[in-house]
Amino acid sequence: MQRKKECVAMLLAGGQGSRLYALTNNIAKPAVAFGGKYRIIDFPLSNCINSGIDTVGVLTQYEPLELNEYIGNGQPWDLDRAFGGVHILSPYQAKKKSSWYEGTANAIYQNMSFMRKYNPDYVLIISGDHIYKMDYADMLRSHKRSGAACTIAAIEVPISEASRFGILNTNADGSIYQFEEKPKEPKSNLASMGIYIFTASKLYEYLEADEQNSSSSKDFGKDVLPAMLNAGEKMFSYRFSGYWKDVGTVSALWESNMDLLGREPAFDVSDPDWKIHSRSPLAPPVYVGLKGKVDNSIMAQGCEINGLVVNSVLSSNVVVEEGAEVKNSVIMANTVIKKGAAVSFAIIDENVVVESGATVGEETKSRSIAVLGRNVTVSAGAKVAAGKIIDKDFKGE
């Protein structure tokens, strides 16, 4: 008897994340640190295993080395399986044709052999750059009940922002009668989350057809989904009402980190019934010195605090020296904020040194976030203005 999986997941993780600027100069967006101990990709991977989906293909392309190393054999997410588990799927050279992934649909098309290996009844397609907790198993049950060819997860957004998304226009029963990709004048505020469940046979059929269409841009939202609707396929929405954030911009990444703070955070990562798994570095416990003070902040292991930390999220092995202040900021691993330095409304990447007396960011009405890229040193006394993005050593203007 052939072994099979009911549902396999295909996780699109090849994006460059250009709107994160210096933070993605050398790494893929899903590998960006988040929430002190996590990477962005931890959330869809944890959603998969918490939903009972144990076969995940991770499609990488842009700067994949660090992401590949982080995922490894999938053990932190219980995805190190003899049959199934997590697999890194990069573009490869084939006998007849080879190319980079040309779009989301083409990326999945190029990996149909991986999906068919497990002979699934259904295929879940998800993105690697969103922060949320979702039970995909419940979405799959909804898909099966409706008998749909495709089910699209959707969330209501402010109508003023709807033109940024793919918009679903639905009937009372949730069936989709129109899909509009980033419409100038949206008819509804029900936005696609970029999470799809396809009946596998239908997915293969439309991917094959899309690949043969020379005028297609090889994208699900622009090409495959409209083609299915035009052909009269049954398509349904799956409404999601929880926390969901596309962290593709500096401001969104900062806001989502801030949403972890407070007694009743907007996004809670401590739910014992829905654990967010991660690959954590080996590091000693957090140390707060006699002159250290911490208020409403998250700190990962290895942090050493001898200054002031307020409303901030610190990744592992961050050092805040005596007299230094970190407020309303996100500080990534192995960064040192030296004596008398001040950091405010900023995102600072890994292995950064902010020298004594330097200032990074400031509070403004627009809350413009200053960004320091990886391995940057800010010289003593230098001032990085609000909203400034620095990707090389900075000695001041």
Check your understanding: Closest heavy-atom contact between Tyr132 and Pro44?
Key -> OH-CB, 4.5 Å
Review point. So, Lys395 and Glu355, do they make that salt bridge, N to O below 4.0 Å?
Key: no
Check your understanding: Checking Lys202 against Tyr122: charged group under 6.0 Å from the ring centre and within 45 degrees of the axis?
Key -> no
**Study point:** salt_bridge(Glu321, Lys338) N-O dist < 4.0 Å
**Key:** no
Practice item. List the atom of Pro186, the atom of Ala162, and the distance in Å for their closest heavy-atom pair. Key: CG-CB, 3.6 Å
Review point. Do Lys383 and Glu362 come close enough that some side-chain heavy atom pair is under 4.5 Å?
Key: yes
Point to revise | Pair Lys5-Ile53, side-chain contact (heavy atoms from CB on, under 4.5 Å): steps then yes or no | key: CA-CA 9 Å; Lys5 298 286 186 180; Ile53 296 173; over 6 Å; no
Check your understanding: Are the side chain of Asn50 and the backbone N or O of Ser46 linked by a donor-acceptor pair below 3.5 Å?
Key -> yes
Practice item. Flag yes if Tyr196 and Phe114 sit in one hydrophobic cluster, no otherwise; membership is Ile, Leu, Val, Met, Phe, Trp, Tyr, and two members link when side-chain heavy atoms are under 4.5 Å apart. Key: yes
**Study point:** Phe345 six-ring centre to Arg367 NZ/CZ under 6.0 Å and within 45° of normal
**Key:** no
Exercise for review: Verify whether one side chain among Ser368 and Ser366 offers a donor that lies under 3.5 Å from an acceptor in the other.
Suggested key: yes
Check your understanding: Do the charged groups of Asp42 and Arg279 touch, with an N to O distance under 4.0 Å?
Key -> no
Check your understanding: Given Leu89 and Met10, is the side-chain contact (heavy atoms from CB on, under 4.5 Å) satisfied, shown in steps?
Key -> CA-CA 9 Å; Leu89 304 174; Met10 302 295 280; 3.9 Å; yes
Check your understanding: side-chain contact (heavy atoms from CB on, under 4.5 Å) between Ile276 and Lys37: does it pass, once the steps are laid out?
Key -> CA-CA 10 Å; Ile276 306 300; Lys37 66 170 293 185; over 6 Å; no
Review point. Looking at Ser297 and Val310, what are the two nearest heavy atoms and their distance?
Key: OG-C, 3.6 Å
**Study point:** Test: Lys327 and Glu325 ion pair at under 4.0 Å
**Key:** yes
Point to revise | Whether Asn317 side chain and Cys303 backbone form a donor-acceptor pair below 3.5 Å | key: no
Review point. Any idea how Phe34 and Phe43 line up, ring-wise: parallel (<30°), tilted (30 to 60°), or perpendicular (>60°)?
Key: perpendicular
Review point. Are Leu253 and Tyr243 linked, directly or through other ILVMFWY residues, by side chains that come within less than 4.5 angstrom of each other?
Key: yes
Point to revise | Check against side-chain contact (heavy atoms from CB on, under 4.5 Å), Glu233 and Tyr206 | key: CA-CA 11 Å; Glu233 298 289 357; Tyr206 281 91; 2.8 Å; yes
Check your understanding: Hey, does the side chain of Thr335 reach the backbone of Val352 with a donor-acceptor pair shorter than 3.5 angstrom?
Key -> yes
**Study point:** Under 3.5 Å donor-acceptor, Lys245 side chain and Ile131 backbone
**Key:** no
Review point. Backbone N or O of Ile347 within a donor-acceptor pair of the Ser329 side chain at under 3.5 Å?
Key: no
Exercise for review: Tell me whether the guanidinium CZ or amine NZ of Arg39 lies under 6.0 angstrom from the six-membered ring centre of Tyr70 and within 45° of its axis.
Suggested key: yes
**Study point:** Check: Lys218 side chain, Ala107 main-chain N or O, donor-acceptor pair, under 3.5 Å
**Key:** no
